[in-house]
Every structure is written in C-alpha cells, then in structure tokens.
Amino acid sequence: MKPTEESTHEQKPTSTDGGTKEFPLASFQENQSNESELGSSRLQEILLEFHAIWKVAWSDWRTKVSLIVLGLYALMGTVGVLIVPEPTLYPEAWIQPFTTWQYPLGTNGNGQSVFGAIVHAAPSMYIMILAGGVFATSIGATIGIVSGYKRGRVDELLMTFTDVAMTIPGLPLIIVLSAVFEPTHPVLVGILISINSWAGHARGIRSQVLTVREESFVEASRFMGVNTRQILTRDITPQMMPLILIGFVDTSKQVIFSSVALYFLGVLPFEGLNWGVLMNLAYKSGSAQTPSQFHALLYPILAVIFLSWAMIMLVQGLDRVVNPRIRAKHKSEKKESGQ
Amino acid sequence: MVEQYISIRPDEPIWVQYIDYFISLLSFDLGTSFFYNRSVSAIYAEALPWTLFIMGVALIISLAISIALGAFLAYHEGTKIDYFLSTFSVTMNSIPYYIMGVFLLVIFAYTYGLFPSGNRTSMGIEAGFTLEYFIDVLWHAALPILSVVLTAFGGRALRMRGNAIRVLGEDYLQVARLRGLKSGRIRTQYVARNAVLPIYTSIMIQIGFMLGGSIILEQIFRYPGVGYFFFRSISSRDYPLMMGGFLIITFAVIIAVTIADMTYGLIDPRASTGGDSHEAY
C-alpha cells in the first residue's frame with residue numbers, strides 16, 4: 001500500500017465526494033470548532049443540505065409517483081377507514097364491479113364489499129410491514145457493518161450467529177411457528193415473518209463493507225485515530241445507505257409477500273381482514289376458474305402489487321439521493337449553473 | 001406404534017433418544033410418514049430432484065437476464081432506456097411469484113388450456129431418456145419456472161445496476177478508459193466482475209431459500225416436490241415428514257453458504273487478502 005499513500009491526500013476530496021463533510025479531516029476540525037461556536041450556521045447548513053436532497057429527490061418522477069401512490073395508501077389506511085363503511089356480510093354475493101355505487105368493486109362470495117374489505121384491511125397490513133421492516137433492517141445493518149469493519153473475532157462471532165440464523169430455513173420456520181403460536185397481532189406477525197430475513201442483509205452489507213473498508217478515506221480516518229464509532233457512522237454507513245434502504249424495502253416487500261402468501265394458503269389464523277385472506281376466500285371459491293368471479297381475487301392482488309411497486313419505485317428515486325456519487329454530480333452541476 | 005414411525009423410544013432419557021435419532025439420521029433413516037405410510041427419506045429422495053430442477057433452471061435463467069440487464073442499465077444510467085427498462089423491472093419485481101403463478105394458471109391453463117395446471121408429468125408417460133418424456137417434463141415445469149423468472153429477474157437487475165453505478169465511479173475505470181480499452185472489455189472485465197460480488201453472496205443464500213420458497217409455488221401448481229410434501233406434512237401434522245423436510249432444506253442452505261464462502265476470494269480478491277495485509281498499519 002506504500003505507493004498509494006502519497007496520492008491519497010490528493011484523491012480524497014474527489015473520491016469521498018459526498019460533500020466535504022465526509023472528508024474525515026474536515027469533520028474532525030468542524031467538530032472542534034463547533035463546540036465553541038455551535039453556530040446557527042451549522043443548522044442552516046443542515047437545512048440547506050436537506051433542501052438540496054429534497055430537490056434532487058423530487059426532481060425524479062419516480063419519487064413523485066411513488067410518494068403520491070404511498071400517500072394514497074396512507075389516506076386509505078387513515079381517512080379511508082373512517083369514510084368507507086365496514087364491509088358486512090350481505091346476502092347478495094358476486095355483484096359485478098362498477099355496477100352500483102354502494103359496492104364500487106363488487107362483492108365477493110360472502111357478499112362483502114370488495115372495496116370496503118380492501119380499505120379496512122389496510123391499517124393492520126401497514127403495521128405488520130413496518131414492524132417487520134424496522135426489525136429486520138436495523139438488526140441486519142448493525143450486525144453487517146460492525147462485523148464487516150471489525151473483522152477478527154467479532155466478525156467470526158457475529159457471522160457464526162448470522163449463519164446459524166440463516167441456515168434455519170425461513171419460510172418453513174415461519175409456517176411451523178405460526179402453526180404453533182397462531183399470532184394475530186400485526187406487530188407480532190410482522191416480526192415473526194421477518195424473523196430471520198435480517199441475516200441475508202447482514203451478509204450482503206458485510207460483503208460490501210469488506211471492500212469499502214479498504215478504501216483510502218476509511219483508511220485515512222483509521223490512520224488519524226478517529227474512533228471506530230465515528231468511522232462506522234460517518235464513513236461507512238453513508239456508503240452503505242443504498243444497500244440499507246434497499247434492504248428495508250426488500251424486507252417490507254418480503255413481509256407483504258410472505259404474509260399475503262401465508263394468509264392465502266391459510267397457514268396464518270384468520271383474524272379480521274387482510275388482503276391475503278380476501279384472496280384466499282376468493283381462490284377457495286374458485287374465482288380463478290370463473291371469469292364472473294375473478295374481480296374478488298383480482299382487486300386484493302392489485303392492492304398488494306401497487307403497494308410493493310410504489311415502495312420499489314421510491315427506492316429507485318431515492319437511489320440518486322442516497323448514492324453519494326450521483327448526489328455529488330448534481331451538487332457540482334448546480335454550483336456551476338449557479339455561478 | 002410411535003417407536004415404529006419415528007424410530008425413537010419415548011421411555012429412554014432425552015440424550016439417548018437424541019443419539020439414537022442422530023444414528024438413524026446418519027443411515028438416512030428419517031422415520032416413516034404417517035400420512036403416506038412410506039419412508040420419509042424415500043419421499044424426499046423422489047421429490048428433491050424435481051424441486052432442484054425447477055428452482056435451478058429458474059435461478060440460472062433469471063440470473064443471466066439480471067446480470068446482463070443490470071450492467072447494461074448502469075452503463076446507460078439516466079437515459080430514457082434506463083428509465084423504461086428499470087421501471088419495467090420494478091413492475092415485474094413487485095408482483096409476488098405466487099400471484100404471477102395464479103395469473104399464468106388463469107391465462108394459460110384454465111382459459112386456453114395450453115399448459116397443464118399440475119403434476120410433473122402426464123399420466124401414463126414412460127420415464128426414460130426419450131424426447132417425448134423430456135418435452136413432457138418441460139411442458140409441466142414451464143409455468144412454475146416462468147413465474148419465478150418473470151418476478152425474480154427485476155430485483156437482481158436493479159441491485160446489479162446499483163452496484164455497477166457505484167463501481168462506475170471508481171478511479172480505476174477512469175484509468176481503464178484513459179488506457180483506451182474497448183468499452184466491451186471495460187463492461188465485462190471491470191464493471192460486471194466488481195459489481196457481481198454482493199449479488200453472488202445473495203444468490204448462494206437464495207439457492208437455499210428457494211427450496212423453502214418452493215413450498216408456496218409447488219402448492220399453487222400442485223407440483224409434487226419438496227415444498228409440496230412439506231406443506232402436506234404441516235397441514236396433516238405429519239411430524240416425521242415435517243422434520244425431514246426441515247432437515248433437507250437446512251442442509252441445502254448450509255451447503256450453499258459454504259460454497260459461497262469458499263469461492264468468495266475467487267471473485268473478489270480484495271475480500272480474501274486485503275484485510276490482513278492492511279492490519280499492519
């Protein structure tokens with residue numbers, strides 16, 4: 001590594017490029033001066049940065065579309081639940097969609113309004129997704145980053161733990177566990193479904209950390225004696241953000257997919273409404289084979305697909321913000337055009 | 001009767017039972033299924049190749065598509081074609097494979113009758129190395145494979161794209177361009193190779209998970225593989241069959257992860273040697 005040592009100093013501003021703040025020496029000095037000044041200038045800087053990020057994000061049509069779609073879903077889960085009457089069992093089954101205003105998407109085999117059922121299933125779905133996503137992502141990212149950076153014994157220990165968690169087959173485990181515990185609370189279902197999906201993310205993030213930790217700016221921080229926690233949070237985590245965010249959406253998507261699948265197959269106990277339950281009821285009554293009943297199966301499916309579509313589109317849009325290289329490119333372009 | 005089925009003696013102490021169980025495992029004796037009244041190992045030995053066949057083919061096809069597509073998209077980052085194709089990939093990726101399976105069944109099996117809606121071969125066809133048999137097998141496997149490929153390639157392609165963009169910003173690519181290397185060479189040797197590593201890890205893991213994922217798929221297509229029998233075992237509380245399925249899937253994951261670990265350095269030399277030599281600082 002000797003020959004690169006000289007060049008690292010010149011390379012740093014360009015290769016860390018997520019802004020000067022990520023340049024370890026700058027942040028080091030900044031910290032010291034901030035302690036005396038504590039400036040409103042610092043706050044202003046953060047706000048400015050945030051504004052820039054927001055502008056970059058919003059300039060991408062994918063972010064716009066996904067935020068609008070997610071906003072509609074949020075409305076559905078909050079206001080929609082209050083406006084749309086709760087679906088009741090109604091004697092007339094299989095009303096076709098778009099025929100009466102009372103049942104915009106028709107009714108299913110039980111005579112429930114399909115639209116009402118989809119709306120009222122939303123809140124518990126969201127809670128489940130959020131619980132699972134937060135649970136798996138936080139554990140996976142922490143373990144992956146720490147173990148990838150620390151190497152040595154810590155790495156071995158954590159990775160053994162991860163491997164053990166990973167070698168337990170996920171879906172069969174979930175199926176068996178849900179058969180034993182019969183969880184009904186959405187938070188429990190969410191955590192149960194993502195119970196070992198953090199392991200895959202931890203592995204993936206670790207493998208990326210292994211290569212990032214060898215980059216010149218990390219090495220420089222280490223060389224200068226910046227403490228480990230700061231290196232992890234300031235140097236490595238920003239580099240990992242795309243993976244972490246993608247991991248979050250991946251897990252959320254996985255929670256949606258698995259939970260709907262398990263309700264669909266009838267493994268998880270039915271309690272209240274869920275898009276998977278609706279699909280199960282429709283599929284069991286033969287909606288897949290009968291065109292006149294297909295709407296009862298189709299609309300819950302569309303609800304699932306649109307939600308996961310919006311989430312992935314959001315990550316796609318945020319990719320530009322989160323990826324420091326692209327952000328830096330935008331920043332410099334903006335500066336140039338401003339001058 | 002319990003002794004006969006799961007080959008343990010309930011009146012012995014736990015550790016003796018455990019050792020007995022392990023000894024019988026080593027001789028591939030997983031007990032006898034209540035539901036099918038057959039030896040569990042025989043059931044899975046018959047089912048495993050079919051699951052591996054479906055999942056393996058699906059994995060290879062989707063992998064080839066996603067790596068090529070991801071590298072291509074990264075190279076054209078920000079262009080119209082990138083937007084169009086990544087939107088398409090996202091849309092395909094946001095459909096769960098079992099829902100894709102239901103759609104495919106509705107369209108191709110129920111409505112037009114082009115493909116069968118279940119089983120691995122037609123009734124009464126002779127197993128053997130005949131073209132007829134081969135085509136029949138493919139015909140039955142087509143829909144399950146298609147439903148996995150169509151929904152799986154998008155996510156990996158996007159991951160590949162993300163990694164490749166990260167790699168594209170590296171200095172050595174500038175050097176490669178300055179050296180005047182052909183863009184095809186840069187694309188395959190420099191970008192693809194370095195961007196593949198994270199995907200490689202996740203794929204080795206997914207090989208194991210795919211066996212688990214086959215539960216839902218095989219249930220929907222009524223395709224008698226490992227997942228099909230595992231699901232049967234749970235719905236009928238057939239414990240020997242359940243335990244056997246668990247073991248087989250677990251072993252698959254262990255083998256996959258081990259292979260990933262051992263071949264890691266081949267793909268990315270930095271990961272295998274880099275760490276130690278820098279520790280000296």
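Worth saying up front: this structure is predicted, and the values here are computed from it rather than measured. Convention: sequence-line order gives letters A, B, ...; per-chain numbering from 1.
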Atom group of Ile216(B) that falls short of 4.5 Å from chain A, counting heavy atoms: both
Ile220(B)/Phe264(A) under side-chain contact (heavy atoms from CB on, under 4.5 Å): CA gap, chis, key distance, verdict: CA-CA 10 Å; Ile220(B) 284 174; Phe264(A) 182 42; 3.8 Å; yes
Which portion of Phe103(B) sits near chain A, non-hydrogen atoms under 4.5 angstrom: side chain
By side-chain contact (heavy atoms from CB on, under 4.5 Å) - contacts of Leu150(B) (at least two apart): Met92(B), Met100(B), Leu146(B)
Heavy-atom side-chain contact between Trp309(A) and Asn93(B) under 4.5 Å: no
Side chain, backbone, both or neither of Phe306(A) within contact of chain B (heavy atoms, under 4.5 Å): neither
Shortest non-hydrogen separation from Ser308(A) to Ser94(B) and the atoms involved: OG-O, 2.8 Å
Heavy atoms of other groups near Phe161(A) CZ, more than 12 under 6.0 Å: no
Which atoms of Val212(A) approach chain B - backbone, side chain, both or neither, heavy atom under 4.5 Å: side chain
Test side-chain contact (heavy atoms from CB on, under 4.5 Å) applied to Val102(B) and Met279(A), step by step: CA-CA 11 Å; Val102(B) 169; Met279(A) 283 162 55; over 6 Å; no
Worked verdict on Thr87(B) versus Met313(A) for side-chain contact (heavy atoms from CB on, under 4.5 Å): CA-CA 8 Å; Thr87(B) 312; Met313(A) 287 308 266; 3.8 Å; yes
Options Tyr98(B), Phe231(B), Tyr97(B), Phe230(B), ranked by heavy-atom pairs under 4.5 Å with chain A, top entry: Tyr98(B)
Chain A contacts, top residue of Leu158(B), Thr111(B), Thr250(B), Leu105(B) (heavy-atom pairs, under 4.5 Å): Thr250(B)
Ile81(B) atom CD1: more than 12 heavy-atom contacts under 6.0 Å: no
Part of Leu298(A) lying under 4.5 Å from any heavy atom of chain B: side chain
Contacting moiety of Met311(A), where chain B heavy atoms sit under 4.5 Å: neither
More than 12 heavy atoms of other groups within 6.0 Å of Arg177(B) CZ: yes
Derivation and outcome, side-chain contact (heavy atoms from CB on, under 4.5 Å), residues Val267(A) and Ile234(B): CA-CA 9 Å; Val267(A) 177; Ile234(B) 286 166; 5.6 Å; no
Test item: Ile305(A) and Pro96(B) side chains (from C-beta on) under 4.5 Å apart, heavy atoms: yes
Selection from Ile256(A), Val260(A), Val304(A) maximising heavy-atom pairs under 4.5 Å formed with chain B: Val260(A)
Ile95(B) portion near chain A, given a 4.5 angstrom heavy-atom threshold: both
